[in-house]
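For ligands, and for the atoms within them, numbers begin at 1 and follow the listed sequence.
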Amino acid sequence: MLALVTGASKGIGRAITLELAKNGFDVAINYNRSENDALSLRDEVLKLGVNAEIFKADVSVQEEAAKMFADVKASPFGGTVSVLVNNAGITRDTLLMRMKPDDWLSVINTNLNAAFYCTQLAVKDMAKARYGRIISISSVVGLIGNAGQCNYSASKAGIIGFTKSVAREYAGRGITANAIAPGFIDTSMTDILKPEVKAEILKSIPAGRIGDAEEVARAVAFFASEKSSYITGQVLAVDGGMTMV
Ligand code: NAP
């Protein structure tokens, strides 16, 4: 079975790709800017004995997402994408009053519109196969909001509404759609935060520590498997107890 992970070159997407490969999936590795990271990930995946190829695309641009799906289909091990992981994401943090339209639009385009483009492209074949798994990476801030992230939290809350609607539309055709809401995970996205900001966030995590990308990846692997066949439209927080909603 083939899984496509968007934004797979780094962080959580990288960990998801490796976890899916360990679970026997062939993987299509999407990246945009980090080609060397994508290539090294492909090498790591190939050592696990499954197929892997890299696909450059800015998934926030519909035409690039469509070309990526066509390229995946035409690749030697390609065919139907059975598992789509909408993971690509960016932040452009600032307070509402300072936020420029471009800060808003670039985050919505990458975090939300890309999930729409990729999901629409994936479900065509999934519906024909009467099987599919769509997993989209939301965030705890999509559930509870965060000062300085009104663009990001709107995109992540949008992922949740989108996921639930797709789940309703496709539940009868063997396709599940679920979202993961990670809390504070150790990646380049959170590396840039100042030590005092990190210390403040840590106070709000009952587990008392930052999460690892692998801890998110294992939850994704469950939703990607046949074991989760009767679970759809759900949001699973992987956040060390941060939200408990
Ligand atoms: P990261 O380390 O910054 O990695 C982001 C990944 O997204 C990179 O591989 C990047 O690829 C890719 N990407 C960005 N824009 C893209 C585009 N237009 N097209 C294709 N790929 C694109 O971030 P991360 O922490 O792993 O985040 C992964 C996901 O988890 C995001 O959706 C993020 O919002 C979510 N999340 C993260 C946390 C956290 O604490 N880290 C918490 C909640 C949710 P290139 O470098 O190749 O461009």
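Nearest protein heavy-atom contact of atom 33 (C) of ligand 1 is Y152 OH, 3.4 Å. Among protein heavy atoms, atom 18 (N) of ligand 1 sits closest to D58 OD1, 2.8 Å. Ranking protein heavy atoms by distance to atom 19 (N) of ligand 1, first place goes to V59 N, 3.1 Å. The protein atom (non-hydrogen) at minimum distance from atom 6 (C) of ligand 1 is G7 O, 3.6 Å.
In summary, the atoms of ligand 1 found under 4.0 Å from a heavy atom of A57, numbered by their order in the structure, are 19 (N), 20 (C).
The N/O atoms of F184, backbone and side chain alike, include none that comes under 3.5 Å of an N/O atom in ligand 1.
Smallest separation of non-hydrogen atoms from V235 and A181: CG1-CB, 4.0 Å. The two residues W104 and A154 have their closest heavy-atom pair at CH2-CB, 3.6 Å.
For S138, every heavy-atom contact with ligand 1 shorter than 4.0 Å involves the backbone, none the side chain. Residue R14 does not touch ligand 1, judged by heavy-atom distances below 4.0 Å.
Residues N178 and Q234 have side chains that never bring a donor and an acceptor to within less than 3.5 angstrom of each other.
With hydrophobic clusters built from ILVMFWY side chains whose heavy atoms lie under 4.5 angstrom apart, I180 shares a cluster with L20. The cluster map of Ile, Leu, Val, Met, Phe, Trp and Tyr, joined by side-chain heavy atoms under 4.5 Å apart, puts L143 and V141 in different clusters.
At least one donor-acceptor pair closer than 3.5 Å links the side chain of R133 to the backbone N or O of S225.
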